[in-house]
Amino acid sequence: MGNIVVIGSASIDLVVKTDILPNVGETVMGESFFTNPGGKGANQAVAAAHLSDHVYMIGAVGDDDNGQQILSNLKKNNVNTKYMDIIENEASGTAHITLFEDDNRIVVVPAANNYVTPDKVIPKLEFFAAGDIIVMQHEIPEETIKKVVEYAQKHEMRVMLNPAPFRPLDKEIIEKVNWLTPNESESELLFENEVDKALMMYPEKLIVTKGAAGALFYSDSQQLVKGYKKEVVDTTGAGDTFNGALAVALIENKSLEEAVNFANLAASFSVTGLGAQGAMPYRKELD
Ligand code: RIB
């Protein structure tokens, strides 16, 4: 079985649940506060590692208590952390999340995640092989994505890029990755509102996630693989669960339609618990 190598951010989420969203200059009383492990990279690694025993993460934490918590959480969740770096005199990444009316607003402070640089990442890729799947997101430096994509192409590794959060993306990178998985708003921004055209231009590569409605891709014609509805407690991390599960299904050689269906199902479970990683399903639940 091939490996899944997630290269990305690992953070601690600081979450406030509130019934009232403050206006500018206003103070309101919130409902509750909690912290839990997050970061899009770590979330995707944990989602994949609930479903596969071959998941590695390449990333960085600070030399603080949060960093230790992030690493022990990854290990506890079956993610191999031997390629994670600890950055001296740096804080671990944090994400500041407001949960309001079934949705979230997030401000990320990358800190140690800024050190996931090509010089640190590329040498570690030598331990992986052709056919392995690399999964990346946009919470690490852009240069790293570029260099990893080049390396992967040379060494016949496959790349899934989840372009979240949105930042402009070179066409060259889109051409070179195997799968690109924006959500609806990211796809509108990436393709300047011409998403249908983009889907046709990148058949079986561009997969646009639409939350509970499912996900779209193009293969002969436009396909909507319908999602599964479950009672929502917290949608944070649902997209990450989709990406982690999608990578697992693809490394198991499922067809794209089957893989997207599997990922939709996993994502639907993930919204039923609090926290980004709070309800990521295990294989048994999906079976
Ligand atoms: O996708 C959800 C994640 O985005 C959160 O866990 C938070 O860390 C932010 O990076």
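Both Ile174 and Met201 are members of a single hydrophobic cluster when ILVMFWY side chains are connected at heavy-atom separations under 4.5 Å. No path of Ile, Leu, Val, Met, Phe, Trp and Tyr side chains, each step under 4.5 Å between heavy atoms, connects Ile4 with Ile134, placing them in separate hydrophobic clusters. Residues Val108 and Phe34 are members of one and the same hydrophobic cluster, defined by side-chain heavy-atom contacts under 4.5 angstrom among Ile, Leu, Val, Met, Phe, Trp and Tyr. The same ILVMFWY cluster, assembled from side-chain heavy atoms under 4.5 Å apart, contains both Val225 and Leu286. Neither Leu256 nor Val159 shares a network with the other; the hydrophobic side chains, linked directly or stepwise wherever heavy atoms of I, L, V, M, F, W or Y lie under 4.5 Å apart, form separate groups for each.
For the pair Ile58 and Leu125, the tightest heavy-atom approach, listed with the atom from each and the gap, is CD1-CD2, 4.1 Å. Residues Val233 and Thr272 approach most closely at CG2-O, 3.2 Å, considering heavy atoms. Nearest heavy atom pair, residue Ala267 against residue Ser270, reads O-OG, 2.7 Å. The minimum heavy-atom distance between Ala238 and Val271, with the atom names listed, is CB-CG1, 3.8 Å. Gly62 approaches Ala112 most closely through the heavy-atom pair N-CB, 3.5 Å. For Leu190 against Pro163, the heavy-atom pair with the smallest separation is CD1-CG, 3.8 Å.
With no hydrogens or angles considered, no side-chain donor-acceptor pair links Thr18 and Glu31 at under 3.5 Å. Inspection of the Asn162 and Gln44 side chains reveals an N or O donor paired with an N or O acceptor under 3.5 Å. His50 and Asn78 form no side-chain donor-acceptor contact under 3.5 Å, judged by distance and modelled atom types alone. Side-chain atoms of Gln277 and Asn73 include a donor-acceptor pair closer than 3.5 Å. Side-chain atoms of Asn43 and Thr241 include no donor-acceptor pair closer than 3.5 Å.
Atom NZ of Lys76 and atom CD of Gln69 lie 8.5 Å apart (nearest 0.5 Å). The structure places CG of Leu180 at 10.5 Å from CE of Met160, a figure rounded to the nearest 0.5 Å. Separation of atoms NZ (Lys254) and CD1 (Ile251) is listed at 12.0 Å; rounding is to 0.5 Å. Note: Ile7 CD1 to Ile145 CD1 = 8.5 Å, rounded to the nearest 0.5 Å. Here the straight-line distance linking atom OG of Ser187 with atom CG of Leu216 works out to 8.5 Å at 0.5 Å rounding. With rounding to the nearest 0.5 Å, the separation of CD1 in Ile106 from CD in Glu139 is 8.0 Å.
At a threshold of 4.5 Å between non-hydrogen side-chain atoms, the residues Tyr218 and Asp196 do not count as touching. Two residues are said to be in side-chain contact when any heavy atoms from C-beta on lie closer than 4.5 Å; Thr144 and Ile122 fail this criterion. Within the 4.5 Å cutoff, the side chain of Phe217 has heavy atoms near those of the Val260 side chain. In this structure the side chain of Ile133 reaches within 4.5 angstrom of the side chain of Val135, judged on heavy atoms. Residues Trp179 and Leu161 are not in side-chain contact: their nearest non-hydrogen atoms beyond the backbone lie 4.5 Å or more apart. Residues Phe262 and Leu51 have side chains in contact (heavy-atom distance under 4.5 Å, counting atoms from C-beta outward). The shortest distance between side-chain heavy atoms of Asn36 and Ile12 does not fall below 4.5 Å. In this structure, Met84 and Leu71 have side chains that are in contact, with non-hydrogen atoms separated by less than 4.5 Å.
Atom CD of Glu257 has 12 or fewer heavy atoms from other residues, nucleotides or ligands within 6.0 Å. By the 6.0 Å contact criterion, CG on Asp119 is enclosed, its count of non-hydrogen atoms from other residues, nucleotides or ligands being greater than 12. The number of heavy-atom neighbours closer than 6.0 Å to CD of Glu175, taken from other residues, nucleotides and ligands shown, is above 12. Crowding of Glu172 atom CD: a count of heavy atoms from other residues, nucleotides or ligands under 6.0 Å not exceeding 12.
Using a 4.0 Å cut-off between charged nitrogen and carboxylate oxygen, Lys147 and Glu143 count as a salt-bridge pair. Between Lys146 and Glu150, no side-chain nitrogen of the basic residue sits less than 4.0 Å from a carboxylate oxygen of the acidic one, so the salt-bridge criterion is not met. Under a 4.0 Å N-O distance rule, the pair Arg158/Asp132 does not qualify as a salt bridge. A salt bridge links Arg283 with Glu252: the closest approach of a Lys/Arg side-chain nitrogen to an acidic carboxylate oxygen falls below 4.0 angstrom. Looking at Asp85 and Lys124, a side-chain N of the basic residue comes within less than 4.0 Å of a carboxylate O on the acidic one, giving a salt bridge.
Ring geometry, Tyr83 versus Phe127: the interplanar angle falls under 30°, so the pair is classed parallel (tilted spans 30 to 60°).
A donor-acceptor contact shorter than 3.5 Å links the side chain of Asp64 to the backbone of Gly67. Side chain of Glu90 to backbone of Ile87: no donor-acceptor contact under 3.5 angstrom is found. Looking at Asp234, its side chain does come within 3.5 Å of a backbone N or O of Gly275 through a donor-acceptor pair. Under the 3.5 Å distance criterion, the side-chain polar atoms of Asn113 are matched with a main-chain donor or acceptor of Pro110. Under the 3.5 Å distance criterion, the side-chain polar atoms of Asn77 are left unmatched by any main-chain donor or acceptor of Val79. His96 places no side-chain N or O within donor-acceptor distance of the main-chain N or O of Val107, the cut-off being under 3.5 Å. Remark: side-chain polar atoms of Ser9 are paired, donor with acceptor, to backbone N or O of Lys40 under 3.5 angstrom. Using a distance-only test at 3.5 Å, with no hydrogens or angles considered, no donor-acceptor pair links the side chain of Asn183 to the main chain of Val208. Under a 3.5 Å cut-off, the side chain of Asp170 and the backbone N or O of Ile173 do not form any donor-acceptor pair. Under a 3.5 Å cut-off, the side chain of Thr35 and the backbone N or O of Leu14 do not form any donor-acceptor pair.
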**Study point:** Steps toward ring pair (Phe, Tyr, Trp, His ring centres under 6.0 Å) verdict (Tyr228, Phe269)
**Key:** CA-CA 9 Å; Tyr228 297 83; Phe269 275 79; 8.7 Å; no
Review point. Checking side-chain contact (heavy atoms from CB on, under 4.5 Å) for the pair Thr235/Asp103: CA distance, chi angles, key distance, verdict?
Key: CA-CA 6 Å; Thr235 57; Asp103 243 318; 3.8 Å; yes
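Checking Val116, Val121, Ile140, Val177 one by one against Val148, the side chain to side chain contact (heavy atoms under 4.5 Å, CB included) holds for a single residue, Val121.
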